Engineer: 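Supplied in structure tokens, the structure appears directly below.
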Amino acid sequence: MATLLEQLKGMTTIVADTGDVEAIKTVKPYDATTNPSLLLKASTLPQCEPMIKEAIAYAKSKSSNKAQQVEDAADKLAVLVGLEILKHIPGRISTEVDARLSFNIDAMVKKGRKLIGLYDEAGVKKDRVLIKLASTWEGIKAGEILEKEGINCNLTLLFGFGQARACAEAGVFLISPFVGRILDWYKAKTGNTYTSEEDPGVISVRKIYAYYKEHGYKTVVMGASFRNIGEITALAGCDRLTIAPNLLQELEATQGDLPRLLKDGGASKSAPAKMTEDEFRFVLNEDAMATEKLSEGIRGFVVDQNKLEIALNEKL
């Protein structure tokens, strides 16, 4: 009998949620994603040391200002890790914009262009890169601008249906709804345990997927942030799923029948009028889980971005 991973690959594009190149070599995903937390972890691995040295040398060659050097080194390191990962996958790498810019449209657009420029300098075209942006109103608007320039975006830290709807209306390439973090919030609030079918994160992604398909939106749905393989198998058939190496290995080690649970039935409804900014903010505010987890996610990424930059600053 085929493993769960083999069957899943037949109906869903598998993405590795890691900055560890050795793990990617082992699990052989199609795409890969990184974020500040994963980059911080990767930066402590011995194989990352040459990349750190190269990033620092690059930063020193670009500016004599220490603060600018730190920023340039962090950006260059993110791209260098991405470049190494791209050697081992056939698809795309997602590289994240600094979470401290999450409420500044112009700054996010500028950073996205800069990251794409760094990849281009290394000989990698933009069709192999996704720029990751937080799913704030500003992040979604920045994504809309970048998409019009041919720079595809991955809207991350997505927890609420309003965020998902606004992303589709902005025409972004891909969204990353965070399944496990939604489950975490509900478990903490209710004290309940949930089966895969009852899992609030799974239910959220299924709702988004169905809404996108029935309205003919082209934005890719990529479930993310999984806590167990039950959440993953409950989303079999989703456009893409980004999965941590330990869960990919568990799927590969597990046999059993895996039915397709998400299916594209084709567009059957006309799209509604676009959400306005005040509608978006009100809907997000009404969703306590989405509001809290978005804020918490941005804060967490900022903490790890700061830690990474402190470590780079010490080496400059």
Side-chain angles (χ1 to χ4, degrees), residues 13 15-19 29 31-41 78 81-82 85 91-105 107-109 111-112 115-116 129-147 151-168 170-185 201 204-205 208-209 212 219-227 235 238-244 280 284 287 289-305:
T13 299
V15 181
D17 197 8
T18 181
D31 290 344
T33 61
T34 62
N35 61 44
S37 302
L38 294 174
L39 282 174
L40 177 63
K41 184 177 180 181
V81 171
I85 290 171
R92 298 183 185 233
I93 182 69
S94 286
T95 298
E96 190 142 356
V97 163
D98 186 342
R100 293 170 297 195
L101 308 178
S102 295
F103 302 99
N104 186 322
I105 297 172
M108 281 186 279
V109 169
K111 182 70 77 173
L115 293 170
I116 287 293
V129 182
L130 293 178
I131 296 299
K132 287 179 80 174
L133 303 158
S135 297
T136 57
W137 175 259
E138 293 81 5
I140 295 167
K141 293 296 106 178
E144 188 171 22
I145 292 168
L146 290 169
E147 291 285 350
I151 298 172
N152 292 151
C153 297
N154 172 351
L155 271 290
T156 188
L157 293 176
L158 194 149
F159 303 96
F161 182 77
Q163 292 172 289
R165 180 182 157 189
C167 285
V172 302
F173 182 82
L174 179 148
I175 62 166
S176 297
F178 277 30
V179 179
R181 295 197 197 186
I182 294 175
L183 174 64
D184 294 345
W185 190 89
S204 175
V205 174
I208 293 166
Y209 179 90
Y212 276 19
T219 298
V220 173
V221 180
M222 183 173 75
S225 171
F226 295 105
R227 297 294 177 257
L235 293 174
C238 192
D239 297 329
R240 303 185 191 192
L241 298 173
T242 182
I243 307 169
F280 173 88
L284 183 60
D287 188 338
M289 177 276 296
T291 297
E292 292 175 22
K293 297 306 288 185
L294 173 60
S295 298
E296 178 187 276
I298 291 171
R299 288 195 299 269
F301 283 161
V302 168
V303 167
D304 287 340
Q305 182 75 26

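Each residue takes its place number in the sequence, starting with 1. Computed from a predicted model, the values in this text were never measured in an experiment.
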Engineer: With sequence neighbours excluded, tell me which residues meet ring-ring contact (aromatic ring centres under 6.0 Å, His included) with Trp185.
Structural biologist: none
Engineer: With the side chain counted from C-beta on, respond yes when Val129 and Leu115 share a heavy-atom pair under 4.5 Å apart, and no when they do not.
Structural biologist: no
Engineer: Assess whether a salt bridge exists between Glu138 and Lys141, defined as any Lys/Arg side-chain N lying under 4.0 Å from an Asp/Glu carboxylate O.
Structural biologist: no
Engineer: Going by salt bridge (charged side-chain N to carboxylate O under 4.0 Å, His left out), name the residues that satisfy it together with Asp98, two or more places apart in sequence or in a different chain.
Structural biologist: Arg100
Engineer: Kindly write out the residues that satisfy side chain to side chain contact (heavy atoms under 4.5 Å, CB included) with Ala244, not counting sequence neighbours, or none if the list is empty.
Structural biologist: Asn246
Engineer: Indicate the atoms forming the closest heavy-atom contact of Ala170 with Ile140, along with that distance.
Structural biologist: CB-CG2, 3.7 Å
Engineer: The criterion is side chain to side chain contact (heavy atoms under 4.5 Å, CB included); which residues satisfy it with Ser225, sequence neighbours excluded?
Structural biologist: Phe178, Arg181, Arg227
Engineer: Under the side-chain hydrogen bond (donor to acceptor under 3.5 Å, both in side chains) rule, collect the residues that match up with Ser94, sequence neighbours excluded.
Structural biologist: Asn154
Engineer: Would you check if Thr156 and Asn35 make a side-chain contact, meaning some heavy-atom pair closer than 4.5 Å?
Structural biologist: no
Engineer: Out of Thr242, Leu183, Asp17, Leu235, which residue meets the side chain to side chain contact (heavy atoms under 4.5 Å, CB included) rule with Phe226?
Structural biologist: Leu235
Engineer: Check side-chain hydrogen bond (donor to acceptor under 3.5 Å, both in side chains) between Asp31 and all other residues, then give those that pass, not counting sequence neighbours.
Structural biologist: Arg240
Engineer: Less than 3.5 Å apart, any donor N or O on the side chain of Thr136 or Ser102 sitting next to an acceptor on the other?
Structural biologist: no
Engineer: For Asn152, what residues pass the side chain to side chain contact (heavy atoms under 4.5 Å, CB included) criterion, not counting sequence neighbours?
Structural biologist: Arg92, Leu130, Glu147, Phe173
Engineer: For Thr34, enumerate each residue passing the side-chain hydrogen bond (donor to acceptor under 3.5 Å, both in side chains) test, keeping only those at least two apart in sequence or located in another chain.
Structural biologist: none
Engineer: Quick check: do Val15 and Met222 have side-chain heavy atoms less than 4.5 Å from each other?
Structural biologist: yes
Engineer: Suppose we screen for side chain to side chain contact (heavy atoms under 4.5 Å, CB included). Which residues come up paired with Ala78, at least two apart in sequence or across chains?
Structural biologist: Leu39, Thr95
Engineer: Starting from the C-alpha separation in whole Å, work towards a yes-or-no answer on side-chain contact (heavy atoms from CB on, under 4.5 Å) for Thr33 and Ile93.
Structural biologist: CA-CA 6 Å; Thr33 61; Ile93 182 69; over 6 Å; no
Engineer: Can you check whether Ser176 reaches Leu155 side chain to side chain, under 4.5 Å on heavy atoms?
Structural biologist: no
Engineer: Got a sec, which residues hit salt bridge (charged side-chain N to carboxylate O under 4.0 Å, His left out) with Asp239, two or more places apart in sequence or on another chain?
Structural biologist: Lys213
Engineer: Residues in side-chain hydrogen bond (donor to acceptor under 3.5 Å, both in side chains) with Lys41, at least two apart?
Structural biologist: none
Engineer: Salt bridge between Glu296 and Lys293, side-chain N to carboxylate O under 4.0 Å?
Structural biologist: yes
Engineer: For Tyr209, which residues count as a ring-ring contact (aromatic ring centres under 6.0 Å, His included) partner, sequence neighbours excluded?
Structural biologist: none
Engineer: Looking only at heavy atoms, which two atoms of Pro177 and Val221 are closest? And how far apart?
Structural biologist: CG-CG1, 4.2 Å
